[in-house]
Amino acid sequence: MRLKLLSQLIRLFLVAWAAVALAQAPQQSTSSPSAPSRADVLRGEYGPWRANNDLLSYDLDIRVDPEKKFIGGKNTIRFKMLKDDTRIQLDLFDNLNVDRILLGSTELKYTRELGAVFVDFPAPLKKNSVQSIEFHYSGFPQETGRFGGISFRKDPAGRHWITTACQGVGASVWWPNKDQQQDEVENMRLRVAVPSALTDVSNGRLVGKTDLGDGYTRYDWAVSYPINNYCVSLNIGHYEHFSDKLGDLTMDYYCLPENLEKAKRQFAQAKPMMEAFQKYFGEYPFKRDGYKLIEVPYSGMEHQSAVTYGNRFANGYLERDWTGVGVSLKFDFIIIHESAHEWFGNSVTGSDISDMWIHEGWATYAECVYVEAMFGKEDALKYVNGYKSKVRNRQPIVTTRGVNQTPSQDQYFKGALFLNTLRSVIDNDGQWRQLMRAYCDRFKYRNIMTEDVVDFFNRQTAKNLTPIFDQYLRRAALPALELRFQEGDGSVSYRWKADVKDFAMPVKVGRKTEWQLIQPTTEWKTLKTDIKKEDFEVATDLYYIDVIKN
Ligand SMILES: [Zn+2]
């Protein structure tokens, strides 16, 4: 009896200990890839009621009441049917009210399941027909997620400051839309009514400002390019505005009045950054809409043509040396990283968050491109390798498609280190620059998956880089270069240890002053060398790999 009790106690203790261990595990490992929740399937899957239509435009017309923390209005959604059907899926967080959904004057029936709203039509909508529905909604949206989703705050002077940043959480946290990444509208209107003492700065161009006569003023913004849902943004506050131009690109800046001088000083980094990015990645992709940088109370977000900024008007990331190697404090991380997303994420978009490295790996690598352009190659190499300390290599960068599974942080740091490795594989700076530029052009305004990226690089280089992409993006572990020294006869044997069968990647070895390029595969090969084991180096700054010396 006592023994049984003791064993029960031990079991209870073990269960409790396991629970604590789980709770302490890094955030990324708590999301079990084997069991997506119903909510994740509804959000993540490009199911039949999404795939049967193609978005054309949104016209979001809302009123925001900062006192009540209330939002209400309508989104007019235009879409083309891709097949005959009677139902589509839209999304709106279930704490917000669906007031009515109209097709012309007909009120449509709908069913809500968690964050999804299934809209039913009384008769089949015909393939290729263009439809327009009005989705009326209202309610008290909840502040949630890493960046707040939508937050009703006060600025340090006590004035209202309402901002949205809903990447991950989903745009449907504050407005109704088709909340996924595969399909984007071609253009969008935002009509945002706010108390007249405040200003709304959203995406695109300000095309109108109307005093509504009831203490509210409506700001009309027009976005003339495709846009991700999560990039659609409200920035409602007591903003000061100043502006600049780079050629015929307008650059507009918004900050709190108290920060005007600081902003003028810090935001001066935007222009040379824009010149560097345009040089390497091609023309700023949203030129008609202009470039804006807007102060917000959170760190920042890549909102298209309305990049938001909360990095304390200081270099580094929240005043820290971000990669810890003495380079980060030379520039403002948020201005550079979030603006890089205009090319990587906003122009070229991943169709599913499983492949979000298409945004984050590339934007992080773009920081290195910026560092190289401004401070030279040596700093760039130091900077990118500083990211190694942040990589975990615990799970693959690309996650499961269709289940709303956000990849681990490796998508940023390992993503950038992988691209630096890819550059070394190509081993020709001129060609690498031409490839980056061609990549941005090829997938401009498109929504793509990793397969498209791999295919692009394979075709452009006429090489089979698939095993390299697969090892870095679809496997957790790094490839390891295994070296076996036979000093007696002055040779070293080498091969790759990698999870991907047929993994083959050139690598530079020997002496830093005169690297020797070898072509290891997963089979042993031998190299004659007079370099001793302890002096034999591998170019691990150029290739992000493990090295095993035997
Ligand atoms: Zn980012």
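When a ligand or atom number is given, it counts from 1 through the structure's own listing order.
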Taking the ring of Phe267 and the ring of Tyr309, is the distance between their centroids below 6.0 Å?
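Yes, the ring of Tyr309 comes within the 6.0 Å limit of the ring of Phe267, centre to centre.
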
Ring centre gap for Phe281 and Tyr439 strictly below 6.0 Å:
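Not under 6.0 Å, so no.
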
Taking backbone and side chain together, does Glu360 place any N/O/S atom at a distance below 2.8 Å from the Zn ion (ligand 1)?
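Yes, within the cut-off.
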
Taking 2.8 Å as the cut-off, does an N/O/S atom of His359 lie below it from the Zn ion (ligand 1)?
no

In degrees, rounded to 10 degrees, what angle do His341 atom NE2 and His337 atom NE2 make at the Zn ion (ligand 1)?
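That angle is 100°.
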
Set of residues satisfying side-chain hydrogen bond (donor to acceptor under 3.5 Å, both in side chains) with respect to Tyr387, sequence neighbours excluded:
Trp322, Glu367, Tyr383

Sequence neighbours excluded - salt bridge (charged side-chain N to carboxylate O under 4.0 Å, His left out) pairs with any residue from residues 220-238:
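Applying salt bridge (charged side-chain N to carboxylate O under 4.0 Å, His left out) to every pair that reaches into residues 220-238, excluding sequence neighbours, yields Arg191-Asp220, Arg218-Asp220.
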
